[in-house]
J.: 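Please find one structure pasted underneath; my questions will follow.
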Amino acid sequence: MANVNKVDEDQNGNNCDYEYDESRTSSTSALMSYLVVRPENGGLGDLLRYMLWGDIGSGVRFLEGSDDGVVNGVAADHRWVILVSIILRKFIAFFRKPMEYTGYFLDFFLNLLSLNGNNLFALLYNLLHGTVVIPKRGTETFTSTIGQIDGRFNLQQSNLVEEMQNSSSEGRSIEEVGEEEVESQGLMDLCMMASKLAYENAQVVRYIINHHWKMNFVDFYNCWNDYQKEKSTQVFILCDKHSDANVILISFRGTEPFDADDWSTDFDYSWYEIPKLGKVHMGFLEALGLGNRADAVSFQTHLQTKDMNFAASHRVELTRTCSGWDQSSDSEFNVENLPEMELTAYYTVRRKLKSLFKEHKNAKFLVTGHSLGGALAILFPTVLLIHDEMELIQRLLGVYTFGQPRIGDRQLGRFMEAYFEYPVPKYFRIVYCDDLVPRLPYDDKNFLYKHFGVCLYYNSCYFEQKMNEEPNKNFFGPRYWFPEHLNAVWELIRSLMMHYIYGPEYKEGWLSILVRLIGLALPGISAHCPTDYVNSVRLGKERSVLF
């Protein structure tokens with residue numbers, strides 16, 4: 001690899017250049033292990049030969065790795081999983097533009113309806129009388145398709161963080177907060193509603209937090225994904241109070257319904273192995289701004305643990321010269337000294353979190369997200385651990401994820417459980433019934449990706465069971481086909497009765513019913529909508545009910 005030279009400016013506007021020497025590649029390649037699945041690299045003939053005859057030579061055309069052993073081994077041992085990943089991502093890529101245009105039109109049309117009486121007759125009346133209200137994107141009245149499917153924004157309890165405030169007033173540390181407090185229904189409701197709110201634009205988020213929740217909106221960030229080459233990672237931060245806050249919440253946006261890149265990431269099999277810690281999903285690392293598969297060494301740059309100082313022990317040359325500052329290759333490497341080319345999620349949120357802790361001395365923080373946002377939510381504290389940010393980890397109250405895909409292998413899970421299970425569990429992975437996404441990427445006895453932590457599983461009657469792994473962990477299979485579709489029929493019937501049983505708050509609109517109808521054919525997709533996750537948290541029956 002040739003030398004990579006970049007020029008940027010430091011915070012004072014001085015020109016800075018930094019150089020990665022080509023010895024960087026040769027000296028570190030033996031330490032790196034990674035695999036990238038590239039559906040675009042092979043043709044239809046390669047795909048058919050690999051699928052029908054198991055031709056490994058054709059299969060490796062779609063793969064790129066740290067060495068031939070990794071590539072050939074994966075192509076031979078995980079053939080069908082790789083095929084599923086390639087085929088689905090090719091399919092998604094083919095419909096990228098139609099999905100984008102459909103989402104753009106649907107968002108506009110749904111907001112046009114909602115601003116004009118929420119039905120076609122009222123819209124037609126306004127059109128005839130010249131009083132139609134045109135929606136404007138990016139305003140506090142323009143909600144996403146997710147927000148249109150489930151229009152609930154209010155929290156279930158007005159004082160849902162009261163138990164956290166009581167803990168703080170009593171002077172108890174994070175280690176002294178009991179499991180029942182960390183797993184309280186009010187806290188789960190806050191996290192679920194924040195996960196759903198993350199799909200909205202910044203103005204909607206600000207308005208809901210300040211005016212409906214009566215909390216303090218901190219900021220909303222559109223962060224750079226270097227692989228997608230766009231600002232496709234959204235995250236917002238809130239505090240329960242403007243001053244002397246007890247709770248700081250970080251919420252990552254999940255998979256956009258019509259974003260092909262987001263869905264492709266969920267079906268991606270690519271990984272990067274952090275030495276001694278385990279393998280991590282490459283797409284999720286990229287979404288946090290921790291590397292780029294076009295330059296796999298970039299992951300190594302960002303994911304160094306305290307005892308893995310590659311810059312010193314492996315002579316990775318990094319020379320950055322600015323006015324008044326010079327760092328040689330022998331000094332300790334700190335990624336935050338690199339020029340900030342674009343706003344990236346991990347470093348932006350970490351920097352802001354440290355700043356907030358200076359303002360709110362007694363605060364603890366929560367991290368949450370739905371779908372892809374859930375993967376980023378658990379990956380964020382994972383990287384904090386890798387970076388030895390123990391002062392932040394000690395202030396972590398909990399991580400709540402909803403419909404989260406798998407992020408890494410069993411080795412990574414054991415590393416995380418050592419920190420997040422004791423003295424009380426701090427990581428709760430909520431899964432609703434037949435949701436497809438928590439079953440991705442696929443897992444079997446020989447496969448890479450594994451869930452870890454506490455799983456709170458809700459069936460279609462909203463009974464909760466605490467378990468290590470949700471039932472039907474890979475979703476697809478002939479013996480599950482009929483039960484999944486039968487359950488989708490029950491969910492459709494149930495949706496028509498909810499408001500009679502539980503009250504008007506649970507009434508589902510025509511769009512939600514339409515999603516249920518789609519679920520008759522694709523039950524795993526409809527079950528992924530936030531509606532059932534909100535209902536699970538609010539209506540969930542007794543803990544540890546067996547069924």
Side-chain angles (χ1 to χ4, degrees), residues 33-34 174-175 177 179 182-183 188 191 195 250-252 270-288 290-291 299-300 302-308 345-346 349-350 353 364-431 437-441 443 447-457 466-470 473:
S33 182
Y34 67 90
I174 182 75
E175 290 80 6
V177 176
E179 179 178 353
V182 178
E183 198 183 341
M188 289 176 65
C191 288
S195 298
I250 302 163
S251 180
F252 289 92
S270 307
W271 49 262
Y272 171 79
E273 183 171 13
I274 304 172
K276 302 180 182 179
L277 298 185
K279 298 180 177 70
V280 187
H281 190 290
M282 187 175 284
F284 301 150
L285 289 174
E286 290 170 321
L288 275 181
L290 294 167
F299 295 105
Q300 190 180 65
H302 290 280
L303 298 170
Q304 297 181 44
T305 59
K306 192 172 184 180
D307 62 343
M308 289 156 45
Y346 171 76
V349 172
R350 188 177 75 174
L353 190 58
K364 308 174 183 75
F365 76 101
L366 292 162
V367 195
T368 191
H370 170 261
S371 190
L372 170 63
L376 303 185
I378 184 57
L379 190 55
F380 176 73
T382 300
V383 181
L384 289 180
L385 278 173
I386 292 170
H387 288 167
D388 200 34
E389 295 283 353
M390 298 312 297
E391 290 186 8
L392 294 181
I393 291 297
Q394 289 169 3
R395 312 258 313 246
L396 175 65
L397 178 61
V399 180
Y400 289 85
T401 70
F402 304 86
Q404 169 217 314
R406 300 177 176 105
I407 69 162
D409 65 0
R410 187 70 191 97
Q411 183 181 356
L412 180 74
R414 286 193 292 267
F415 168 75
M416 293 300 294
E417 287 170 348
Y419 289 91
F420 286 177
E421 290 296 309
Y422 306 101
V424 296
K426 297 185 182 71
Y427 169 40
F428 300 94
R429 184 173 59 85
I430 294 86
V431 176
V437 175
R439 278 88 174 179
L440 298 173
D443 169 24
F447 200 53
L448 169 68
Y449 289 99
K450 307 285 182 183
H451 275 308
F452 59 91
V454 177
C455 174
L456 301 180
Y457 174 79
K466 189 177 292 186
M467 53 177 58
N468 293 325
E469 184 78 49
E470 59 274 9
K473 66 179 181 179

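Everything quoted here is computed from the prediction, not taken from an experiment. Throughout, numbering of the chain's residues begins at 1 and tracks the sequence. What's counted below: heavy atoms across the whole structure, side chains too, no hydrogens, waters or symmetry copies.
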J.: Quick one, Phe452 and Ile407 - any side-chain contact, counting heavy atoms below 4.5 Å?
T.: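 Yes - at least one pair of side-chain heavy atoms lies under 4.5 Å apart.
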J.: Show the nearest heavy-atom pair for residues Glu273 and Trp271, with the distance to one decimal.
T.: N-CE3, 3.9 Å
J.: Which atom pairs, one a donor and one an acceptor, fall under 3.5 Å between side chains of residues 371-379 and the rest of the protein, sequence neighbours left out?
T.:
{"residue": "Ser371", "atom": "OG", "partner": "Thr255", "partner atom": "OG1", "Å": "2.8"}
{"residue": "Ser371", "atom": "OG", "partner": "His528", "partner atom": "NE2", "Å": "2.8"}

J.: Mind checking side-chain contact (heavy atoms from CB on, under 4.5 Å) for Arg414 and listing every partner two or more places apart, or none if nothing turns up?
T.: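 Partners of Arg414 by the side-chain contact (heavy atoms from CB on, under 4.5 Å) criterion, ordered by chain and then number, come out as Arg410, Gln411.
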J.: If I take atom OG from residue Ser33 and atom CD1 from residue Ile274, how far apart are they, to the nearest 0.5 angstrom?
T.: 11.5 Å
J.: Return the minimal non-hydrogen interatomic distance between Ala345 and Ala287, and the atom names on each side.
T.: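 Between these two residues, the closest heavy atoms are CB-O, 4.2 Å.
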J.: Are His387 and Tyr346 close enough that their ring centers fall under 6.0 Å?
T.: yes
J.: Which atoms form the tightest heavy-atom contact between Arg350 and Leu384, and what is the distance?
T.: CD-CD2, 3.6 Å
J.: Are Leu303 and Tyr272 side-chain neighbours, meaning at least one heavy-atom pair lies under 4.5 Å?
T.: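 A side-chain contact exists here, since the closest heavy-atom pair is under 4.5 Å.
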J.: For Phe402 and Met188, which heavy atoms make the closest approach, and how far apart are they?
T.: CZ-O, 3.9 Å
J.: Using 0.5 Å steps for rounding, measure from the CD atom of Glu389 to the CG atom of Leu353.
T.: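 Answer for the CD-CG pair, Glu389 versus Leu353, is 9.5 Å.
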J.: For the atom pair CZ (Phe380) and CZ (Phe365), what is the distance rounded to the nearest 0.5 Å?
T.: 6.0 Å
J.: So, using ring-ring contact (aromatic ring centres under 6.0 Å, His included) as the criterion, who are the partners of Phe415 when residues are at least two apart?
T.: Tyr419
J.: Which value, rounded to the nearest 0.5 Å, describes the distance between Ile430 atom CD1 and Thr401 atom OG1?
T.: 6.0 Å
J.: Kindly give the heavy-atom pair with the smallest separation between Ser270 and Tyr449, and that separation in Å.
T.: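 It is O-OH, 2.9 Å.
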J.: Please find the pair of heavy atoms, one from Val431 and one from Cys455, that lie closest to each other, and give the distance.
T.: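 Nearest heavy atoms, Val431 then Cys455: CG2-SG, 4.0 Å.
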J.: Can you sort out the partners of Thr382 under side-chain hydrogen bond (donor to acceptor under 3.5 Å, both in side chains), two or more places apart, ordered by chain and number?
T.: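 Counting only residues at least two positions away or on another chain, Thr382 forms no side-chain hydrogen bond (donor to acceptor under 3.5 Å, both in side chains).
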J.: About how many Å separate NZ of Lys473 and CZ of Arg439, when rounded to the nearest 0.5 Å?
T.: 11.5 Å
J.: Residues in side-chain hydrogen bond (donor to acceptor under 3.5 Å, both in side chains) with Tyr427, at least two apart?
T.: Gln404
J.: When you measure from the side chain of His451 to the backbone of Pro438, do you find a donor-acceptor pair of N or O atoms at a distance under 3.5 Å?
T.: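 Answer holds: yes.
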J.: Going by the rule side-chain hydrogen bond (donor to acceptor under 3.5 Å, both in side chains), which residues pair with Glu469 if we only count those two or more places apart in sequence or in a different chain?
T.: Arg406
J.: Just do the side chain to side chain contact (heavy atoms under 4.5 Å, CB included) check on Glu421 and Val454 with the steps written out, would you?
T.: CA-CA 9 Å; Glu421 290 296 309; Val454 177; 4.0 Å; yes
J.: Taking atom CG of Leu290 and atom CE of Met282, what is their separation to the nearest 0.5 Å?
T.: 12.0 Å
J.: Applying side chain to side chain contact (heavy atoms under 4.5 Å, CB included), run through Leu396 and Lys364 and close with a yes or a no.
T.: CA-CA 6 Å; Leu396 175 65; Lys364 308 174 183 75; over 6 Å; no
J.: Side chain of Asp409, backbone of Lys279: donor and acceptor closer than 3.5 Å?
T.: yes
